[in-house]
*Asks:* 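My questions all concern the structure below.
We number each residue from 1, following the sequence as shown. These numbers were taken from a predicted model, which means no experiment stands behind them.
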Amino acid sequence: MADTPAAPAGPMITGSEIARLAGVTRAAVSNWRRRYDDFPAPAGGSVNSPLFALTEVQTWLNRQRKGQDVSQEVQLWQVLRAAYGDDMVGGLVAVAQLLARDGEKTPHPLPEEAVRLAHVLAERGSAGEVVEALAERFTDSVRRAGSDQVTSPRIVRALRYFAGEVAPDATVFDPACGIGTLLLAVGPERGPRRCGQEADPRSARLAQLRADLTGRTGVDVVVGDSLRDDRWPNLKADLVVCDPPVGDTDWGREDLLLDARWELGTPSRAEGELAWLQHAYAHTAPGGRVVMVMPASVAYRKAGRRIRAELVRRGILTQVTALPAGTAASHALPVHLWHLRRSPSVGEAATSVRVIDLTSNDPDGSLEPAPDQIADVSLIDLLDDTVDLTPGRHVKESRRDYATEYQAVRQELAEQVRTISELLPELVAGEGPGALDGSSVSIADLARAGLVEHPGPEPVSTSDQLDTDFLQGFLRSAANTRRSTSASGTFRLDGRGARIPQMDITEQRRYGTAFRRLQEFEERARRVAELSRQAAELARDGLGNGALTPQE
């Protein structure tokens, strides 16, 4: 039997924590792990989230004197920030073009100090490492500023995990690739053909230069608005990944009403995300997949119901994953990953949709869902009036114990029905005129005499000569209801015009008992109605989904 390595003594840290400890980006730490054979091996965690022994990392950092690299990388960033301000993408493009020896002119020439620092860092490592470190620092700065201008590292990590393995000969496509982070992150580093499109020319240029400088071949990023000007009209990819613009109502609907890409329905102006989703699906090869980042609201918004229904009905949608709160860059709201698959042939469409609810998880923790966070929902169960695809709703529903819940409701309903008939008081024909047609007293007079008070919505007696149930029962009578209803139709139980009959306390209590039983009868009748509705709903749903079966 192989020996099990002993757990390291002392604390362990993540790659992100190493980066903070050394004052560098996560990309720099990843580069160190690849370049240096003596970098500490993972002491725990998983393949996607390794943990390292803190003491081993500190020893290695001291031996390598990595503090020297840090200061110059930070200096370069600060020089670029001073020169380019909010146009940091332009600064990164300028550095990348310099190191790639690209003669294309930049809108803003690089300061001499930036040129010197970029060359020093590239000589110490490589041009690709310099540009990747700057790109990661840019991503972190945008995230801290609360913007969704770039895809957050947490979303990249989640999408890579759920996209799974990508074949070396696959074609990967990102129609809104930005600076290329997502396009370059999925699948093996070498092998796949990668195609991207980006509306912002500088971002597209940076994405292409990142690929070129890190030695990735087969990467082609073009400039253009994918929805209005599709530059890849004949492309059919094995995997389409995308983190599309959110909340963009100016996506070109009026110009694209008859576009052939809307095979599931023309999206409304407010549903631009569903336009991007259909664009991605239109570029999917038979047997290919789409993994797209979507706001949680797209799963239930009324305007997108018809398109969601078509996705489900045709078996195109295979999975919806609700990621942990805080995964997105600029807000704590949950985001989803939608998985689509184009069937390679007739009859191979999905028959259910897997939903995964990770919203309660740590955004930096494991992405492996627990069994109680997963549900496989049949298509027919999704095709209701709302077509709500929110994972949390269906995961919770799938964990219902229909048999226990149905038996509990049925038992309570039987007890309520047995009791309710006993509560209805036995009443006989009365003699003479109505009780309020004789001697009576107004509530206003009783209040002035200090015999009633209003601690809540209904008056109560403050005297042992006035029964509260008698008082409230007569206030609800038809005669007082008419007196206590305003011209606008509003009923006031303690209306100043209401009156109660004058009776001795013994007779009041006899009436009070009857009124009290009537009140409880009405409350239980409402409960019986609610339990009846619950029992019928549970029985119908349970019989339909197989959780319940008729007794033999």
Side-chain angles (χ1 to χ4, degrees), residues 48-49 139-140 142-164 174-179 181-183 185-186 239-249 251 267 270-281 289-305 307-308 311 317-340 353-370 373-375 377 382 387-396:
N48 291 319
S49 301
T139 300
D140 286 342
V142 171
R143 175 181 55 80
R144 288 193 297 271
S147 169
D148 281 321
Q149 183 180 351
V150 296
T151 301
S152 77
R154 287 170 174 168
I155 287 181
V156 174
R157 181 175 78 103
L159 197 143
R160 286 184 61 185
Y161 178 86
F162 285 104
D174 185 346
C177 68
I179 63 172
T181 302
L182 202 54
L183 177 64
V186 294
L239 175 63
V240 182
V241 295
C242 189
D243 182 8
V246 174
D248 180 15
T249 59
W251 55 267
E271 296 291 336
E273 296 88 357
L274 291 177
W276 283 98
L277 188 76
Q278 292 192 76
H279 173 77
Y281 184 68
R289 300 175 294 138
V290 175
V291 184
M292 179 164 284
V293 182
M294 298 288 261
S297 58
V298 182
Y300 60 81
R301 285 195 302 232
K302 185 177 180 180
R305 185 192 65 81
I307 294 175
R308 293 197 302 272
L311 282 167
L317 183 69
T318 60
Q319 181 172 308
V320 178
T321 305
L323 299 177
T327 299
S330 62
H331 53 75
L333 297 177
V335 292
H336 294 172
L337 293 182
W338 286 29
H339 300 242
L340 277 56
V353 176
R354 170 158 289 194
V355 292
I356 300 176
D357 182 17
L358 302 177
T359 53
S360 61
N361 289 19
D362 183 339
D364 293 316
S366 173
L367 291 167
E368 181 67 26
Q373 294 177 313
I374 306 173
V377 187
L382 290 171
V387 196
D388 189 342
L389 303 178
T390 305
R393 172 189 174 187
H394 299 288
V395 168
K396 181 179 180 181

*Asks:* Does Arg289 use its side chain to pair, donor to acceptor, with the backbone of Ala163 at less than 3.5 Å?
*Replies:*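 Yes; at least one donor-acceptor contact below 3.5 Å.
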*Asks:* Check for a donor-acceptor pair, side chain of Gln319 on one end and backbone N or O of Val355 on the other, with a separation under 3.5 Å.
*Replies:*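 Absent.
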*Asks:* Which residues pass the ring pair (Phe, Tyr, Trp, His ring centres under 6.0 Å) test with His336, not counting sequence neighbours?
*Replies:*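 So His336 forms no ring pair (Phe, Tyr, Trp, His ring centres under 6.0 Å) with any residue.
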*Asks:* Measuring from Ser152:OG to Asp243:CG, what's the distance to the nearest 0.5 Å?
*Replies:*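 Between atom OG of Ser152 and atom CG of Asp243 there are 7.5 Å.
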*Asks:* Pro245 and Ala176: which non-hydrogen atoms are nearest, and at how many Å?
*Replies:*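 Looking at all heavy atoms of both residues, the shortest contact is CD-CB, 4.5 Å.
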*Asks:* Answer yes or no: is there a side-chain heavy-atom contact under 4.5 Å between Ile374 and Pro369?
*Replies:*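 Sidechains of Pro369 and Ile374: in contact.
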*Asks:* Using a 3.5 Å distance criterion without hydrogens, assess whether the side chain of Thr318 forms a donor-acceptor pair with backbone atoms of Val353.
*Replies:*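 Side chain of Thr318 to backbone of Val353: no pair is present.
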*Asks:* Go through Trp338 and Leu311 one step at a time and tell me if the side chain to side chain contact (heavy atoms under 4.5 Å, CB included) criterion holds.
*Replies:* CA-CA 11 Å; Trp338 286 29; Leu311 282 167; 3.9 Å; yes
*Asks:* Quick one: closest heavy-atom pair of Glu273 and Gly247, and the distance?
*Replies:*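 Shortest heavy-atom contact: OE2-N, 3.0 Å.
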*Asks:* Indicate yes or no for a side-chain donor-acceptor contact from Arg308 to the backbone of Ala299 under 3.5 Å, with no hydrogens or angles considered.
*Replies:*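 Between the backbone of Ala299 and the side chain of Arg308 there is a qualifying donor-acceptor contact (under 3.5 Å).
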*Asks:* Between the side chain of Arg154 and the main-chain N/O of Gly326, is any donor-acceptor distance below 3.5 Å?
*Replies:*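 Yes: the side chain of Arg154 pairs with the backbone of Gly326.
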*Asks:* Roughly how far, to the nearest 0.5 Å, is the CG atom of Leu323 from the CG atom of Leu367?
*Replies:*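 So the CG of Leu367 and the CG of Leu323 are separated by 7.5 Å.
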*Asks:* If you take all heavy atoms of Pro244 and Trp276, which pair is closest and at what distance?
*Replies:*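 Reported closest heavy-atom pair: CB-CG, 3.6 Å.
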*Asks:* Hey, could you give me the CG/CZ distance between Leu389 and Arg301, rounded to the nearest 0.5 Å?
*Replies:*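 Spacing of CG (Leu389) from CZ (Arg301) equals 12.5 Å.
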*Asks:* Just jot down the side-chain hydrogen bond (donor to acceptor under 3.5 Å, both in side chains) partners of Gln278, sequence neighbours excluded, or say none.
*Replies:*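 Per chain and number, Gln278 pairs via side-chain hydrogen bond (donor to acceptor under 3.5 Å, both in side chains) with no residue.
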*Asks:* Run through Val156, Val290, Leu337, Leu159 and flag the one making a side chain to side chain contact (heavy atoms under 4.5 Å, CB included) with Val241.
*Replies:*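 In the set Val156, Val290, Leu337, Leu159, the residue that makes a side chain to side chain contact (heavy atoms under 4.5 Å, CB included) with Val241 is Leu159.
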*Asks:* Drop me the distance from Thr321's OG1 to Gln373's CD, to the nearest 0.5 angstrom.
*Replies:*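 That separation rounds to 11.0 Å.
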*Asks:* List in chain and number order the residues that pass side-chain contact (heavy atoms from CB on, under 4.5 Å) with Tyr300, two or more places apart in sequence or in another chain; answer none if no residue qualifies.
*Replies:*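 By the side-chain contact (heavy atoms from CB on, under 4.5 Å) rule, Tyr300 matches Ser297, Asp388, Thr390.
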*Asks:* So, for Thr151 and Thr139, which heavy atoms are closest and what is the spacing to 0.1 Å?
*Replies:*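 Smallest heavy-atom distance, with atoms named: O-CG2, 3.9 Å.
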*Asks:* Tell me, do Arg157 and Ile155 make a side-chain contact under 4.5 Å, heavy atoms counted?
*Replies:*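 Arg157 vs Ile155: side chains apart.
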*Asks:* Distance check, rounded to the nearest 0.5 Å: Met292 atom CE versus His339 atom NE2?
*Replies:*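 Reported value, rounded in 0.5 Å steps: 12.0 Å.
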*Asks:* Is the side chain of Arg160 donor-acceptor paired with the backbone N or O of Val186 at a distance under 3.5 Å, no angle test?
*Replies:*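 Looks like no, no N/O pair under 3.5 Å.
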*Asks:* If I compare all heavy atoms of Pro363 with all of Thr327, which pair ends up nearest, and what's the gap?
*Replies:*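 Nearest pair, atom of Pro363 first, then Thr327: CB-OG1, 4.2 Å.
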*Asks:* How close do Asp362 and Asp364 get, counting heavy atoms only, and between which atoms?
*Replies:*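 Result for this residue pair: OD1-N, 2.9 Å.
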*Asks:* Nearest 0.5 Å, what's the CD1-CG distance between Ile307 and Leu274?
*Replies:*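 Output value for this atom pair is 5.0 Å.
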